[in-house]
Amino acid sequence: MSKTASAVLAFVVLILFSIPMSAQFGGLLPSGNVYAGVSYGQLTDVINKQSYRGWNGSVEVLPLSRFPHIGLVFDASGFYRTGVTQYNLVGGPRLSVNLGKWRPFLHGMGGIRHVNSNGFIYSPATFDIGGGADYKLFFKNFSWRLQGDFMHSHYASANQNDYRASTGIVWRF
């Protein structure tokens, strides 16, 4: 496992294990949600646009109790194809609204992309603009998410405009 994959996995595990501890702090930690799902992407490997499969996960905190529709989200994803691995780590604000069982949202994030293409490694800055919707399930505090994103980066005198669709389970705390 590469160092980047290990770092992303350690980050996700740390977040997941720290959430149950929020009950021990008497509500001092903000409310929010954790998302884990599968992802499909149309990604550009410098020149070629190819399809990739992978995973996507995020942690959103709602730090302002007066503004429950504004959150801060940290998103990580990994995509894989023979000879190519790509990891994205981005963060930024998310706006959402509750409409019955639906919770649509929009976000704009920035961060870094790490690509290993047949031993050639590059790590450009990336911007992610997207949105989606959560649908409340009958299980307490669980929702199902559908999400779509446009990711933009620039490397080797070329713009990389990529698309990502993901779906998975959301746990609200």
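Nothing here was measured: the structure is a model prediction, and the numbers come from that model.
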Hits for salt bridge (charged side-chain N to carboxylate O under 4.0 Å, His left out) against Arg81, two or more places apart or cross-chain, chain-then-number order -> none
Are any non-hydrogen side-chain atoms of Ser58 and Arg145 less than 4.5 angstrom apart?
yes
Please give me the minimum heavy-atom distance between Phe173 and Glu60, naming the atom from each residue.
CZ-O, 4.1 Å
Given the rule in the salt bridge (Lys or Arg N to Asp or Glu O under 4.0 Å) test, do Arg113 and Asp162 qualify, once you have shown the distances and angles that lead to the verdict?
CA-CA 12 Å; Arg113 170 181 288 173; Asp162 303 332; 2.8 Å; yes
Tell me, please, which residues at least two apart from Asp128 pass salt bridge (charged side-chain N to carboxylate O under 4.0 Å, His left out).
Arg164
Side-chain heavy atoms of Gln147 within contact of Asn56, under 4.5 Å:
yes
Rounded to the nearest 0.5 Å, what separates atom CG in Asp75 from atom CE in Met151?
9.0 Å
Kindly indicate whether the side chain of Leu95, heavy atoms from C-beta on, has any atom under 4.5 Å from the side chain of Ile70.
yes
Flag side-chain contact, heavy atom, 4.5 Å: Arg172 against Ser143:
yes
Taking the side chain as C-beta and beyond, is there a heavy-atom pair between Pro104 and Val97 under 4.5 Å?
yes
Kindly give the cluster partners of Val73, where membership spreads through any ILVMFWY side chain lying under 4.5 Å from a current member.
Val90, Met109
Give me the ring orientation class for Phe142 and Trp171: parallel if the planes are under 30° apart, tilted from 30 to 60°, perpendicular past 60°.
tilted
Sorted by chain and residue number, the side-chain hydrogen bond (donor to acceptor under 3.5 Å, both in side chains) partners of Arg53 (sequence neighbours excluded) come out as none
Out of curiosity, Gln86 CD to Ser153 OG, how far, rounded to the nearest 0.5 Å?
7.5 Å
Heavy-atom closest pair (Ser51 atom, Tyr40 atom, distance to 0.1 Å) is OG-OH, 2.9 Å
Check the pair His107 / Asp149 against side-chain hydrogen bond (donor to acceptor under 3.5 Å, both in side chains), numbers first and verdict last.
CA-CA 9 Å; His107 56 237; Asp149 295 289; 2.6 Å; yes
For residues Leu43 and Phe79, determine if any side-chain heavy atom of one lies less than 4.5 Å from a side-chain heavy atom of the other.
yes
Kindly write out the residues that satisfy side-chain contact (heavy atoms from CB on, under 4.5 Å) with Ser96, not counting sequence neighbours, or none if the list is empty.
Arg103, Phe105
Do Thr167 side-chain atoms and Leu146 backbone N/O form a donor-acceptor pair below 3.5 Å?
no
In short, Tyr35 meets Val170 closest at the heavy-atom pair CD1-CG2, 3.8 Å
Approximate separation, where rounding is to 0.5 Å, of Leu72 CG and Leu62 CG
9.5 Å
Is Asn88 close to His114 at the side-chain level, that is, under 4.5 Å between some pair of heavy atoms?
no
Under 4.5 Å between any side-chain heavy atoms of Asn159 and His152, yes or no?
yes
Rounded to the nearest 0.5 angstrom, the NZ-CZ distance for Lys101 and Phe138 is 9.5 Å
Indicate whether any N or O donor in one side chain lies under 3.5 Å from an N or O acceptor in the other, for Trp55 and Ser77.
no
Kindly state whether the ring of Tyr135 and the ring of Trp102 have centres lying under 6.0 angstrom apart.
yes
Kindly compute the distance separating OH (Tyr52) from OG1 (Thr85), expressed to the nearest 0.5 Å.
9.0 Å
Residues that, via side-chain heavy atoms closer than 4.5 angstrom, fall in one hydrophobic cluster with Phe150
Tyr163
Determine the minimum heavy-atom distance between Gly110 and Phe127, stating which atoms define it.
CA-CD2, 4.3 Å
In terms of hydrophobic clustering (I, L, V, M, F, W, Y; side-chain heavy atoms under 4.5 Å; direct or indirect links), are Val34 and Leu137 co-clustered?
yes
